[in-house]
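A quick note: this is a predicted structure, and the numbers were derived from the prediction, not measured. Lettering of chains follows the sequences in order, A, B, ..., and the numbering in each one begins at 1.
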Amino acid sequence: MTAEPPFDVPTPEEQERMVEALLFASPEPLPTAKLAERLPPGCDPRAALARLQRLYEGRGVNLVRSGGAWAFRTAPDLRFLLSREVVETRKLSRAGIETLAIVAYHGPVTRTEIEEIRGVSVSKGTLDQLLELGWVRLGRRRETPGRPATYVTTDAFLDHFALESAADLPSLADLRAAGFLGEPTVQENLPLPDPEP
Amino acid sequence: MTAEPPFDVPTPEEQERMVEALLFASPEPLPTAKLAERLPPGCDPRAALARLQRLYEGRGVNLVRSGGAWAFRTAPDLRFLLSREVVETRKLSRAGIETLAIVAYHGPVTRTEIEEIRGVSVSKGTLDQLLELGWVRLGRRRETPGRPATYVTTDAFLDHFALESAADLPSLADLRAAGFLGEPTVQENLPLPDPEP
Amino acid sequence: MDGGSLRIPVPDALIVDVGGFEGPLDLLLTLARQQKVDLREISILALAQQYLAFIESAARARIDLAADYLVMAAWLAYLKSRLLLPPDPEEEPEAEDLARDLAFRLARLEAMREAAQALMDRPRLNRDVFPRGEVEAMEETRVTRLTASLYDLLSAYARLRTRDEFRPFAMDRVGVYTMEEALDRLRPLIGDWADWASLSDWLPPGWTDGPRRRAATAATFAAALELVREGLADIRQDGPFAPIHLRARAPA
C-alpha cells in the first residue's frame, strides 16, 4: 500500500479517503468531473461521494452538493457555535506598536517619557487603544510634580506575544545579534534600557 | 434537539459533533481551552477529542494535535494527490535549518550555545527569520552574566512539521542517549567560536 | 604509529571548496568523515595531522583563510604535541580529555545535522499535509481585532532605538548662495544702475573667490534673468564666454 504500481486501481476505501482529502483541502466546492480528474485513473468519485455522504450524515460536518459541486459544510443546527468566529484582524498602527514597545521595555513609564523616546507626541487615542486591547494598564503614579500616570504592560500582553515575562524581552545587543538592527555604531555605548523594574 | 434548554448539558454524541464542527471551521489549530470556551457550559472537549481522533484514524482527513492545540489535516500519505502549486515560503538556508533544529532539540537555548554547537557565529537574519516565520519565540532569559535571551520553538513550529509535541522530534531519544543534548566535558578549552567581534 | 601513516592526502576538491565550509568545525567534520569510523572512535591525532596538512596546502595555494581556521590550526598543533608527549600530571585538563571533547563536538554537530535533515523530511504543512481549504462564510457579527506579532514589536523597538542612525541625509548648505538671496540683493540696487556693468561686479562681498564665487555667479545670473523677465533690467553678452552685462531698463 505504500508504493503504488502505476496501473493498480485503488480500493474503494482508498478512493473514499482520497475524495475526502480532496474535498477537505479544496478552497472551493468541487464538481464530480474535477474530482475524477484529480483521482488516479480508474477511480469513480460518484461511488465514493455517495458513501461519504452517508458516513457524514448526522455528524457535525456534512457532505453537501450544491449546483453539481461537492463540499463539506458545518451541520446547519450547529452554526450557532460558529457565529462568534468572524473576527477581522487588523495590524496595530505604527504609533501603537512603537508605544507598546516602549511601555514593554521601559514601563512603568509616563506619557512624557514615551514622547521623549519616540520623538513625537503620543496621541491620547494611541494609549487608549492599548488600554482597550488590554495590553497596557495604569501603574503607580510617579511621585514627581504633577504626579503623572504611568503605564505598564499586562499579563494579556505577555500571553499575546508568547513571552514568559517582560524581563525576557531581548536586550538591544540580543536584537542586533538576531538581525533586527544594522551594524554596530556609537549607539552601542549609550545607556540602554534595562528592562528590569 | 433543535432548541436547547439553557441548563441541559449536551450528550457526548452532541459534544462530539460540536467539537468536530468547530475544528472543521477553524483554519488554525484550536487549543483545548479555546474549544471549552466555545462549547456550551458543562462540556468536556477532551473526551470528544479522544473519540474523534480514533474515528478519523486512517481516514483521508485526520485529527492531529500540535502542542496543546488540535486541527484537522489531510493524511500525509495522500500528498501526491494534493500537491498543487504551493507557494513555497522563503526557503530556509542551511544555517537557518540547522539553527531551527538546534532550537528545537536544545531549547531554551541562547545564541552563544547555538554558535558553540555549529562552530560558527549565527549570521544576522537567521534568528529573526525564524521569529518572523513564527517557528521560534523567546524563552526566559538565562540567569547567567549578561542575562542572554533564550529561544524556544512554538506550537506553529509543531503544526508546520506535523509534530504532536517536542517529544516527537525525530531520533530525540537517540540524541539524548548519546549525550548530544548535554554539554561536552571540558569545553572551555576549545578555541571554538568567539562570535562577537 | 609513525608519522607517515598519518599523512592523508588532502583532495584538491577541498581546497577549491574552502569557501564552502562553515568554519573550522565544519572543515574538521568533513576531514573526519574520511576516516570512515564512528566519530566517537576517531583518531584525533590523525585528524589534527589532516587539518594541519590542509591548512598548509591552502597556504601554498595562497588561499586566504579566515583567522578562526588559523586559531584552530594552532590549537590542534598544540593538542598534537601534547598527545605525542607523555602525559604531564601537572597539566589540566589532560590531552586525552581535550581530544575526547573535540570528538564529542564533531559527533554532536553531525548528529544535529542529521536531525535537522530528518526534521525537514517530515510531512510539512501546505506541502504534504493540508488544512481545510475553504473558509466557511459566516453571516454573523464582525469584530475587528487589532493585532501585532512579536516580530513587529521587536522591529519597532529596534527601529526606535536606532532612529538616529538612519536620519535622512541632509546636504551641507555652507557655501551655497541661493537665487533668492541674489534677488534680494539685486532688486534694491538695480534702479541706480543706468549703465552697462559686468555681472562679476555685482557679486556680494566675500563671495568673489573659489567655489563661493562660482555659486554666487550662478545665483546672480539667475537673479538677473528674473529681473529681465520682470522688465526691470536688460542683459547683454557680446560673445560666447564673454562677460555678461546688466543695466536697469529705462522706463518706457
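Residues B:Val120 and C:Leu25 are not in side-chain contact: their nearest non-hydrogen atoms beyond the backbone lie 4.5 Å or more apart. By the 4.5 Å heavy-atom criterion applied to side chains, C:Arg113 and B:Arg94 are counted as neighbours. At least one side-chain heavy atom of C:Met120 sits under 4.5 Å from a side-chain heavy atom of B:Leu100. Two residues are said to be in side-chain contact when any heavy atoms from C-beta on lie closer than 4.5 Å; C:Arg132 and B:Val61 fail this criterion.
Heavy-atom neighbours of B:Arg176 CZ from other residues, nucleotides or ligands within 6.0 Å: at or below the threshold of 12. Within a 6.0 Å sphere centred on CG of C:Asp121, other residues, nucleotides and ligands contribute more than 12 heavy atoms. Atom CD of B:Glu28 has 12 or fewer heavy atoms from other residues, nucleotides or ligands within 6.0 Å. Residue B:Glu164 places its CD atom among more than 12 non-hydrogen atoms of other residues, nucleotides or ligands, all under 6.0 Å distant.
Separating the CZ atom in C:Arg108 from the OH atom in B:Tyr105 is a distance of 14.5 Å, to the nearest 0.5 Å. The CG atom of C:Leu153 sits 9.5 Å away from atom CG of B:Leu138, with the distance rounded to the nearest 0.5 Å. Here C:Glu22 contributes atom CD and B:Arg118 contributes atom CZ; the two are 4.5 Å apart, rounded to the nearest 0.5 Å. Taking CG from B:Leu82 and CZ from C:Phe130, the interatomic distance works out to 5.5 Å, rounded to the nearest 0.5 Å.
Across all non-hydrogen atoms, the minimal contact from C:Phe104 to B:Ala178 is CE1-O, 4.4 Å.
Of the two parts of C:Asp26, only the side chain, counted from C-beta on, holds a non-hydrogen atom closer than 4.5 Å to a non-hydrogen atom of chain B. Within the 4.5 angstrom heavy-atom criterion, no atom of C:Leu79 approaches chain B. Residue contact with chain C, scored on non-hydrogen atoms closer than 4.5 Å, involves the side chain of B:Leu169 exclusively. Looking at C:Ala74, there are no atoms closer than 4.5 Å to chain B (heavy atoms on both sides), in backbone or side chain. If you measure heavy-atom distances from B:Ala162 to chain C, the contacts under 4.5 Å come from both the backbone and the side chain. Both the backbone and the side chain of B:Ile102 have a heavy atom closer than 4.5 Å to some heavy atom of chain C. Heavy atoms of C:Leu119 lying under 4.5 Å from chain B belong to its backbone as well as its side chain.
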Worksheet entry | Residue pair C:Leu125, B:Arg73: steps toward the side chain to side chain contact (heavy atoms under 4.5 Å, CB included) verdict | CA-CA 9 Å; C:Leu125 189 67; B:Arg73 297 281 185 252; 3.3 Å; yes
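One finds no salt bridge joining C:Arg124 and B:Asp159 here, because no Lys/Arg side-chain nitrogen approaches an Asp/Glu carboxylate oxygen to under 4.0 Å.
Under the 3.5 Å distance criterion, the side-chain polar atoms of C:Arg122 are matched with a main-chain donor or acceptor of B:Phe161. A donor-acceptor pair is defined here as one N or O able to donate and one able to accept, closer than 3.5 Å; no such pair exists between the side chain of B:Thr74 and the backbone of C:Val129. Remark: side-chain polar atoms of C:Arg105 are paired, donor with acceptor, to backbone N or O of B:Glu116 under 3.5 angstrom.
Identified under the ring-ring contact (aromatic ring centres under 6.0 Å, His included) test for residues 47-66 of chain B, with sequence neighbours left out: B:Tyr56-B:Phe72.
Among the candidates C:Ala118, C:Pro123, C:Ser155, C:Ser149, the residue making the largest number of heavy-atom pairs closer than 4.5 Å to chain B is C:Pro123.
Residues meeting the salt bridge (charged side-chain N to carboxylate O under 4.0 Å, His left out) test with C:Arg214, sequence neighbours left out: none.
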